[in-house]
Asks: 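This is the structure I want to talk about, given as structure tokens.
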Amino acid sequence: MSGQALPVAFFCLATGAALGCLFLLFRGIAALLGLKKLGIALFDLLFCCLCGAFVFLCALAVDSGRLRLYQAALQGLGAWTVVVALGPWTLKGSRRLRSFFKNLSAFLTGRLGFLRGLFPRGKDMEKKRKKKTGKKPKKQRKKT
């Protein structure tokens with residue numbers, strides 16, 4: 001570090017805060033989609049890859065690609081601060097959004113239920129094809 005301790009410290013705290021926001025974004029999307037353990041694990045893996053690339057780029061900017069302990073500690077502190085401060089709001093917001101979309105879907109299904117007959121599902125189409133009309137098919141004559 002070349003004598004600019006305060007700007008570098010604020011830069012590391014800000015990048016850590018950005019990583020914390022990214023973590024909360026992934027956590028909120030996973031909660032909104034209602035993902036189970038495998039989906040959450042895939043989101044965590046994606047976050048770790050992005051986090052590693054982000055920290056490497058910040059190390060390039062701070063000290064020519066060398067990761068220093070103060071950089072990692074300040075980024076961790078910035079991320080922890082954001083997650084602790086905004087984490088509970090993220091979960092509550094994603095639950096409210098999910099219930100809103102569930103209610104909206106139920107409302108539209110109830111109001112626009114007559115449109116379901118225009119677009120039958122695959123099983124409904126098979127039932128219509130197999131539906132008996134009451135007429136017996138003619139027997140084919142053997143050709144000799």
Asks: Is any side-chain heavy atom of Leu19 closer than 4.5 Å to one of Val82?
Replies: no

Asks: Would a single hydrophobic cluster contain both Leu35 and Ile29, if residues Ile, Leu, Val, Met, Phe, Trp and Tyr are joined by side-chain heavy-atom contacts under 4.5 Å?
Replies: yes

Asks: Just verifying a value: how many Å separate Cys51 SG and Leu22 CG, rounded to the nearest 0.5 Å?
Replies: 8.0 Å

Asks: Would a hydrophobic clustering, with Ile, Leu, Val, Met, Phe, Trp and Tyr connected at side-chain separations under 4.5 Å, put Phe56 with Val8?
Replies: no

Asks: Would you give the length of the straight line joining atom CD1 of Ile40 to atom CG of Leu45, rounded to the nearest 0.5 angstrom?
Replies: 14.0 Å

Asks: Would you mind listing every ring-ring contact (aromatic ring centres under 6.0 Å, His included) that reaches into residues 74-101, with sequence neighbours excluded?
Replies: none

Asks: Applying the 4.5 Å side-chain criterion to the ILVMFWY set and letting contacts propagate, would Leu57 and Phe23 be lumped into a single cluster?
Replies: no

Asks: Give me the atom names and distance for the closest heavy-atom approach of Cys12 to Val62.
Replies: SG-CG2, 4.2 Å

Asks: Can you give me the closest heavy-atom contact between Ala31 and Ser94, atom names plus distance?
Replies: CB-OG, 3.4 Å

Asks: Could you tell me which non-hydrogen atom of Val83 sits nearest to which non-hydrogen atom of Arg27, and how far apart they are?
Replies: CG1-NH1, 4.5 Å

Asks: How long is the span from the CZ atom in Arg95 to the OG1 atom in Thr90, to the nearest 0.5 Å?
Replies: 11.0 Å

Asks: What distance separates Asn103 CG from Arg98 CZ, expressed to the nearest 0.5 Å?
Replies: 12.0 Å

Asks: Measuring from atom CG of Leu46 to atom CG of Leu50, what distance do you get when rounded to the nearest 0.5 angstrom?
Replies: 4.5 Å

Asks: Honestly curious: do Leu91 and Leu97 fall in one hydrophobic cluster under the side-chain, below-4.5 Å linking rule?
Replies: no

Asks: Treating Ile, Leu, Val, Met, Phe, Trp and Tyr as nodes and any side-chain heavy-atom pair under 4.5 angstrom as an edge, say whether Val84 and Leu77 lie in one connected cluster.
Replies: yes

Asks: Over all heavy atoms of both residues, which pair between Ala59 and Gln71 is shortest? Give the atoms and the distance, please.
Replies: N-NE2, 3.3 Å

Asks: Check side-chain hydrogen bond (donor to acceptor under 3.5 Å, both in side chains) between Gln75 and all other residues, then give those that pass, not counting sequence neighbours.
Replies: Thr15

Asks: Mind checking the CZ-CG spacing from Phe47 to Leu25? Nearest 0.5 Å is all I need.
Replies: 10.5 Å

Asks: Do you know the tightest heavy-atom contact between Leu24 and Gly87?
Replies: CD2-CA, 3.7 Å

